[in-house]
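Before any comments, here is the structure.
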Number of protein chains: 2
Amino acid sequence: MPTPSSSSTKNSCNSLDFERPSTTVDVVMFAVRDGRLHVLLVKRADTPGEPFPGQWALPGGYIDVLKDEDLEACALRKLKEKTGVVSPYLEQLGSWGSKTRDPRGWHSTHAYFALLPTASVITPVSGANASEADWIPIVGKGVSHKLAFDHQTILEAAVARLRNKVEYTSLPAFLLPETFTLSELQTAFETVLGRELDKSSFRKRVEDAELVVALKNKFREGSNRPAQIYKLRSKTAPVFFPRAIGDSKSRAAK
Amino acid sequence: MPTPSSSSTKNSCNSLDFERPSTTVDVVMFAVRDGRLHVLLVKRADTPGEPFPGQWALPGGYIDVLKDEDLEACALRKLKEKTGVVSPYLEQLGSWGSKTRDPRGWHSTHAYFALLPTASVITPVSGANASEADWIPIVGKGVSHKLAFDHQTILEAAVARLRNKVEYTSLPAFLLPETFTLSELQTAFETVLGRELDKSSFRKRVEDAELVVALKNKFREGSNRPAQIYKLRSKTAPVFFPRAIGDSKSRAAK
DNA sequence: TAAGATAGTTGCATAATACCACGAACCGTG
DNA sequence: CACGGTTCGTGGTATTATGCAACTATCTTA
């Protein structure tokens with residue numbers, strides 16, 4: 001993760017030029033491990049002079065104007081560097097920028113969030129060039145660590161967005177391996193949602209939306225009655241259900 | 001709208017420093033004029049050397065690291081400069097950044113979209129310091145002009161987002177003056193949606209969501225039967241309806 | 001072979017909307 | 001001052017996707 005070598009306070013030049021804010025890209029990467037939702041966080045270097053040394057932060061960093069063609073390419077690069085995954089579900093989350101969010105001066109960040117299939121999580125973290133990294137479980141609105149910068153805010157926004165979208169999209173499907181049973185799919189929804197769902201309703205919904213395709217003669221065996229194995233009809237495009245799941249009371253903002 | 005005085009190709013300094021992308025904020029401002037949805041566009045200066053001279057573009061420009069506290073403040077500043085409106089509905093739309101979207105080099109922009117009440121549109125455009133500006137009608141997915149940079153893409157994203165949100169939120173209410181009749185409210189929805197709605201369903205929806213409050217003994221007179229006048233229960237917070245409007249077929253992406 | 005567990009189905013209740021029809025209040029005209 | 005025309009406002013049934021509950025099916029384990 002690149003870092004400006006001059007971490008001096010102001011980076012404007014002799015400047016008739018406008019002083020320009022620094023720009024970063026951060027990625028909130030979600031995955032399910034042993035039935036719980038996790039985020040990938042990195043521990044910042046303990047170098048003095050660097051802001052928030054030794055603190056947990058979202059993976060990300062400065063845009064490389066030579067390597068990165070555009071914002072999404074930059075996010076994908078960081079994703080690949082950290083997890084090795086090349087084409088996960090990736091969505092722009094929003095951007096945060098202010099005078100004060102980074103002690104080095106005006107910074108803005110473009111935040112993305114990604115959903116990684118469980119398979120790829122087995123490669124937990126290559127201890128790459130950068131510092132430590134680990135999967136941290138989501139607790140409540142975020143995570144039980146203090147995060148660097150405004151990453152707490154960003155993470156909470158990502159969790160809120162994901163939880164909200166579960167209500168009417170098929171996003172949790174992207175947290176599963178290529179093939180899965182309907183029970184596993186339902187569990188993924190429940191994990192993200194933090195609440196149990198009715199089996200019958202869930203299956204009708206999935207069926208009517210034509211989200212999945214049954215694999216002929218493929219069954220998950222070993223645990224009692226064998227379960228039909230399915231795959232997604234579209235590996236990349238999420239499905240939008242006609243109505244939100246859950247009772248109208250539980251739904252609220254954004 | 002500020003512009004870097006050195007419009008030379010590269011703006012990195014002597015630089016051990018990382019070369020950093022330029023950052024702008026653009027605002028898609030919507031309003032309803034004589035029954036049609038409009039956007040505010042500005043004509044770029046005809047200065048040679050400037051990219052896209054004389055072309056229509058979204059209002060926006062570079063972040064002022066001295067004046068702007070954060071991104072939203074920057075968007076609000078531009079809104080006020082162009083329209084005089086100080087507290088409209090404002091929502092972050094997304095960000096676009098790439099090596100090629102601005103011929104001067106790596107640029108990224110933070111895009112917002114705003115909904116302005118019809119009253120404030122009477123002040124169409126102060127010909128302020130900058131160049132020409134005008135309200136342009138939305139046709140189809142966007143506007144029938146060629147726009148500078150990737151502003152066509154951004155505008156289309158804004159229109160799509162607005163149209164999508166009409167289905168399940170009360171956003172069009174922010175396009176109306178403080179007080180209005182239910183018919184006017186419905187018309188605002190229809191204007192944005194581009195399709196007619198059933199009166200009975202619409203009113204039940206609005207009623208159940210407790211979106212509006214009736215003003216006792218206030219009626220719009222002059223046109224046949226007087227109509228009850230209402231105001232929003234909350235001037236700032238949108239309401240989320242329990243289900244999407246319209247038949248499930250018409251609904252599709254994002 | 002019976003008990004337990006997971007998979008999968010069926011039927012009725014519910015909630016918010018679509019669709020259609022009607023009543024209410026005001027405006028113009030003759 | 002009756003009467004058609006227009007806009008405002010409401011009420012009734014149909015539709016659709018979900019919630020909820022009971023039931024059957026198939027395998028494992030003892």
Side-chain angles (χ1 to χ4, degrees), chain A residues 35 166-170 176 179-190 193 195-230 239-252, chain B residues 35 166-170 176 179-190 193 195-230 239-252:
Chain A
V166 179
E167 301 275 348
Y168 59 96
T169 72
S170 63
L176 293 178
T179 64
F180 48 83
T181 67
L182 288 187
S183 294
E184 289 162 354
L185 182 61
Q186 181 174 343
T187 302
F189 273 73
E190 292 170 339
L193 212 46
R195 151 170 69 96
E196 300 214 324
L197 296 175
D198 177 70
K199 187 169 40 165
S200 171
S201 313
F202 181 80
R203 288 162 112 99
K204 269 181 243 159
R205 233 165 92 99
V206 169
E207 167 96 8
D208 291 350
E210 298 185 316
L211 174 61
V212 296
V213 182
L215 300 181
K216 299 220 177 216
N217 305 329
K218 289 273 220 168
F219 292 90
R220 167 106 349 127
E221 321 223 356
S223 68
N224 307 319
R225 176 172 173 177
Q228 173 68 55
I229 293 189
Y230 294 84
V239 157
F240 291 76
F241 297 104
R243 291 189 197 163
I245 210 172
D247 43 20
S248 34
K249 281 150 272 168
S250 63
R251 269 170 276 145
Chain B
V166 179
E167 301 275 349
Y168 59 94
T169 72
S170 63
L176 293 177
T179 64
F180 48 83
T181 66
L182 288 187
S183 296
E184 289 163 352
L185 182 61
Q186 182 174 342
T187 301
F189 272 74
E190 291 169 339
L193 212 46
R195 150 169 71 94
E196 300 214 322
L197 296 175
D198 177 71
K199 188 169 41 166
S200 174
S201 312
F202 181 80
R203 287 162 112 99
K204 269 179 233 157
R205 231 166 92 99
V206 169
E207 166 97 7
D208 291 350
E210 299 186 317
L211 174 60
V212 296
V213 183
L215 301 181
K216 299 221 177 215
N217 306 329
K218 288 273 220 168
F219 292 91
R220 166 106 350 125
E221 321 223 357
S223 68
N224 306 320
R225 175 171 175 178
Q228 174 68 56
I229 294 189
Y230 295 83
V239 157
F240 290 75
F241 297 104
R243 292 190 196 163
I245 209 172
D247 43 20
S248 34
K249 283 150 272 169
S250 64
R251 268 169 277 144

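Please read all numbers here as calculations on a predicted model, not as lab measurements. Just so we're on the same page: letters track the sequence lines, and every chain starts at 1.
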Separation between OG1 (B/T179) and OH (B/Y230), nearest 0.5 Å, reads 12.5 Å

Exercise. Say you draw a straight line from CD1 of A/I229 to CZ of A/F180; how long is it, rounded to the nearest 0.5 Å?
Worked result: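 These two atoms lie 10.0 Å from each other.
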
Figure out the [atom1]/[atom2] separation between [X] and [N], and round it to whole Å.
| X | N | atom1 | atom2 | answer |
| --- | --- | --- | --- | --- |
| B/Y168 | C/dA15 | OH | P | 24 Å |
| B/F180 | D/dT7 | CZ | C1' | 18 Å |
| A/L193 | D/dG19 | CG | P | 10 Å |
| B/I245 | D/dT16 | CD1 | C1' | 16 Å |
| B/D198 | C/dT17 | CG | C1' | 9 Å |
| A/E167 | D/dA17 | CD | P | 18 Å |
| B/L197 | C/dT17 | CG | P | 12 Å |
| B/E207 | C/dT17 | CD | C1' | 15 Å |

Axis-to-axis angle across the helix from C/dT1-D/dA30 to C/dC22-D/dG9, five pairs each end, nearest 10 degrees, ~ 0°

Per-nt protein contacts along nucleotides 3-13 of chain C (heavy atom under 4.0 Å; B base, S backbone sugar-phosphate only, - none) come out as -BBBBBBBB--

Can you give each donor-acceptor pair under 3.5 Å made by side-chain atoms of residues 196-219 of chain A, sequence neighbours left out, with the distance rounded to 0.1 Å?
{"unit_1": "A/D198", "atom_1": "OD2", "unit_2": "A/S200", "atom_2": "N", "d": "3.2"}
{"unit_1": "A/D198", "atom_1": "OD2", "unit_2": "A/S201", "atom_2": "N", "d": "2.9"}
{"unit_1": "A/D198", "atom_1": "OD2", "unit_2": "A/S201", "atom_2": "OG", "d": "2.9"}
{"unit_1": "A/R205", "atom_1": "NH1", "unit_2": "A/R243", "atom_2": "O", "d": "2.8"}
{"unit_1": "A/R205", "atom_1": "NH2", "unit_2": "A/E167", "atom_2": "O", "d": "3.3"}

Heavy atoms of A/L176 and A/A188 approach each other most closely as CD2-CB, 4.0 Å

Q.
My understanding is that only residues two or more places apart in sequence, or in another chain, count here; which of them pass salt bridge (Lys or Arg N to Asp or Glu O under 4.0 Å) with B/E184?
A.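 Checked B/E184 against salt bridge (Lys or Arg N to Asp or Glu O under 4.0 Å); matches are B/R220.
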
Contacts of A/E221 and A/F202 projected onto DNA chain D by closest heavy atom; the upstream (5') one is A/F202

Those residues at least two apart in sequence (or on a different chain) that pass side-chain hydrogen bond (donor to acceptor under 3.5 Å, both in side chains) with A/Q228 are none

Next on the checklist: Checking side chain to side chain contact (heavy atoms under 4.5 Å, CB included) between A/F189 and each of A/T187, A/L193, A/L185, which is the one that passes?
Outcome noted: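 Passing option: A/L185.
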
